[in-house]
Asks: 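What follows is a structure written as structure tokens; I'll ask about it next.
Every chain is numbered from 1 and lettered A, B, ... according to where its sequence line falls, protein lines coming before strand lines.
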Protein chains: 2
Amino acid sequence: MFSENLYNPHISVDCVVFGFDGEKLKVLLIERSMNEQNELYNDKKLPGSIILNNEDLDDAASRVLNELTGLKNIYLSQFKSFGSPLRTSNPSDVLWLERTTKMKIGRIVTVAYVALIKIDRKIVFNAEDTSANWYDVNEIANVQLAFDHNRIIKDGLLHIRHRLDLEPHLLFELLPNKFTISQLRSLYDVVHQTRSDVRNFHKKAIQMPYLVMLDELEEGVPHRAARLYKFDKKKK
Amino acid sequence: MFSENLYNPHISVDCVVFGFDGEKLKVLLIERSMNEQNELYNDKKLPGSIILNNEDLDDAASRVLNELTGLKNIYLSQFKSFGSPLRTSNPSDVLWLERTTKMKIGRIVTVAYVALIKIDRKIVFNAEDTSANWYDVNEIANVQLAFDHNRIIKDGLLHIRHRLDLEPHLLFELLPNKFTISQLRSLYDVVHQTRSDVRNFHKKAIQMPYLVMLDELEEGVPHRAARLYKFDKKKK
DNA sequence: GCAAAAGTGTTTCATGTACACCCATGT
DNA sequence: ACATGGGTGTACATGAAACACTTTTGC
């Protein structure tokens, strides 16, 4: 299937795609099913692909996300490569590789990326042959994923926590276009694993130059409606 | 030469090895010479290697450093992978690859590491067929290196600056076993591109738990001898 | 009128920054 | 005795953390 465009079946990219549902951090995983000796196996894996001819690594990661979500301009950042010979120690993973690439593959080095997307966008994740779903970051630690994808998610999470700490404007990649300060605060706290003080947070937030107040309020909430804000990229 | 042990001639590691000579940050580069159409070309490259069978990425990087310096337990940290199709756009690089690997190679993805070593150790860098030398980090920006190695060094430098900021105990990887506080300060300033205040620095330094004062003084200096300190890993 | 979250200031403490003089040693 | 870098303390500014009550709205 890939053979014409394929650069090298031993190098891939994988994307750890994070989203925020208002409460928890989520990761996007692809459902993988395969029948092996007439038994149907179901598990999950990170979105990924081998690298095509004439494609840079970043381009390959962008392509994976675009094919999956239809979106462009997603925040993407390479964070680590994984190349242990043990990555393909699970026979089902090897079998799956051979079936999808139609090649004999002993070992794959993968370049891992983190991506941040707004979970609220109505994205069709269930196209053609792939279906993808959001999973709670903390819960998938207990689920056995394909290859070393548990490890990759763990490292990706550490990476993005660190990154969002250094570059707080990246938090807005995870929020809807219009959001309240308390949504921003929940996100901040989920990412940093803290319980920040309401007043101090508000103070810090409104003095970010790129946070701009709108003349609109939240709607449909059973209590006092909160003011909405948006993010101004130009001022970051 | 590699053919028996070789895992995949399309994946390599490269190491950006940093050292500190008391004044400047240095990078270790391999001298590469090659004759092409009866002309002798000389340039420099990062120490690196393709990955061997059954070798993890970190192991490959360790091996490269060990082969080059004879040292083990060098601080090493993977920081980025480079895989642009344009990496091998220079014909001399392609020629060099073919001669050293004895294979036809279109493109290589390389996993880059930074390493920190004590420049004072008397290391034999001029073994067999390779000779290596230290170059001033700022000056090699103006020298054309093999492949995209200029870029890799630049990114490696950014990475290590950031890293040494977060984990200041790593500074000691670059200093001799016994050092003065003003050596530590020079290093700190070179890394952070600052001119720190002597008194404030001293204050901050001596309250690091892992910095232990010795009962020894500097020797052979034409002025008041400074007190020596060492680094205690256990207390980091 | 009550439940539920929004919004808002002040005090305290820790940390960083600015700044200048005497000391020890080798020549 | 002089040149060279070593070693030291205090005052000020800035930023982080603790802490509680009133307001708005839907039901």
Asks: Could you encode protein contacts along nucleotides 10-18 of chain C as a string, one character per nucleotide from 5' to 3', using B for base contact, S for sugar-phosphate-only contact and - for no contact, with a heavy-atom cut-off of under 4.0 Å?
Replies: B------BB

Asks: Can you find a side-chain donor-acceptor pair between B:N150 and B:Q144 that sits under 3.5 Å?
Replies: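 Result is no, nothing qualifies.
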
Asks: Around atom CZ of B:R151, are there more than 12 heavy atoms from other residues, nucleotides or ligands closer than 6.0 Å?
Replies: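 No, CZ of B:R151 has 12 or fewer neighbouring heavy atoms, counting only those of other groups under 6.0 Å.
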
Asks: When the distance from CD of A:E219 to P of D:dT24 is rounded to whole Å, what number comes out?
Replies: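 So the CD-P distance, A:E219 to D:dT24, works out to 19 Å.
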
Asks: Can you name the nearest heavy-atom pair linking A:V17 to A:P47, along with the distance?
Replies: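 Nearest pair, atom of A:V17 first, then A:P47: CG2-CG, 4.2 Å.
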
Asks: Restricting to side chain to side chain contact (heavy atoms under 4.5 Å, CB included), what partner residues turn up for B:L214, sequence neighbours left out?
Replies: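 Partners of B:L214 by the side chain to side chain contact (heavy atoms under 4.5 Å, CB included) criterion, ordered by chain and then number, come out as B:K178, B:E216, B:L228, B:K230.
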
Asks: Scan residues 176-195 of chain B against DNA chain C and write down, sorted by residue number, each residue with any heavy atom closer than 4.0 Å; if none is found, say none.
Replies: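 When residues 176-195 of chain B is checked for heavy atoms under 4.0 Å from DNA chain C, there are no hits whatsoever.
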
Asks: What is the distance, rounded to the nearest whole Å, between atom CD1 of A:I206 and atom C1' of C:dG9?
Replies: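 For the pair A:I206 CD1 and C:dG9 C1', the rounded distance is 12 Å.
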
Asks: Can you see which heavy atom on B:L46 is nearest to which on B:D14, and at what distance?
Replies: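 Residues B:L46 and B:D14, closest heavy atoms: O-OD1, 3.9 Å.
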
Asks: Can a salt bridge be assigned to the pair A:K80 and A:D155 using a cut-off of 4.0 Å between side-chain N and carboxylate O?
Replies: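 Looking at A:K80 and A:D155, the cut-off is met.
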
Asks: So if I take the C1' atoms of five pairs at each end of the helix from C:dG1-D:dC27 to C:dT27-D:dA1 and get each local axis, what angle do the two axes make, rounded to 10 degrees?
Replies: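 For the helix from C:dG1-D:dC27 to C:dT27-D:dA1, the axes at either end differ by 0°.
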
Asks: If I take atom NE2 in residue A:H202 and atom C1' in nucleotide D:dA18, what distance separates them, rounded to the nearest angstrom?
Replies: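 About 18 Å, once rounded to whole Å.
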
Asks: Around atom CD of B:E167, are there more than 12 heavy atoms from other residues, nucleotides or ligands closer than 6.0 Å?
Replies: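 More than 12 within 6.0 Å, yes.
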
Asks: Using a cut-off of 6.0 Å, state whether more than 12 heavy atoms not belonging to B:E23 lie near its atom CD.
Replies: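 At most 12 heavy atoms, drawn from other residues, nucleotides or ligands, come within 6.0 Å of this atom.
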
Asks: Hey, what do you get for CD1 (B:I108) to OG (B:S84), rounding to the nearest 0.5 Å?
Replies: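 Answer for the CD1-OG pair, B:I108 versus B:S84, is 13.0 Å.
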
Asks: Distance check needed: D:dG6 C1' versus B:E216 CD, whole Å only.
Replies: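 Spelled out: CD on B:E216 to C1' on D:dG6 is 17 Å.
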
Asks: Can you confirm whether the side chains of B:R227 and B:T180 place a donor and an acceptor under 3.5 Å from each other?
Replies: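 There is no such pair between these side chains.
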
Asks: Output the rounded distance in Å from CD (B:E218) to P (D:dG6).
Replies: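 Atom CD in B:E218 sits about 7 Å away from atom P in D:dG6.
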
Asks: State the CG-CZ distance between B:L116 and B:R163, to the nearest 0.5 angstrom.
Replies: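 If we round to the nearest 0.5 Å, B:L116:CG and B:R163:CZ are 9.5 Å apart.
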
Asks: Please determine which of A:R32, A:R87, A:K45 meets the salt bridge (charged side-chain N to carboxylate O under 4.0 Å, His left out) test together with A:D93.
Replies: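 Checked A:R32, A:R87, A:K45 against A:D93; only one passes salt bridge (charged side-chain N to carboxylate O under 4.0 Å, His left out): A:R32.
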
Asks: Pick out the pairs of N or O atoms, protein on one side and nucleotides 21-27 of chain C on the other, that lie under 3.5 Å.
Replies:
unit_1	atom_1	unit_2	atom_2	d
C:dC23	O2	B:R224	NH1	3.2

Asks: Sequence neighbours left out, what pairs pass ring-ring contact (aromatic ring centres under 6.0 Å, His included) with at least one residue falling in residues 65-86 of chain A?
Replies: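 Residue pairs passing ring-ring contact (aromatic ring centres under 6.0 Å, His included), neighbours aside: A:F79-A:H159.
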
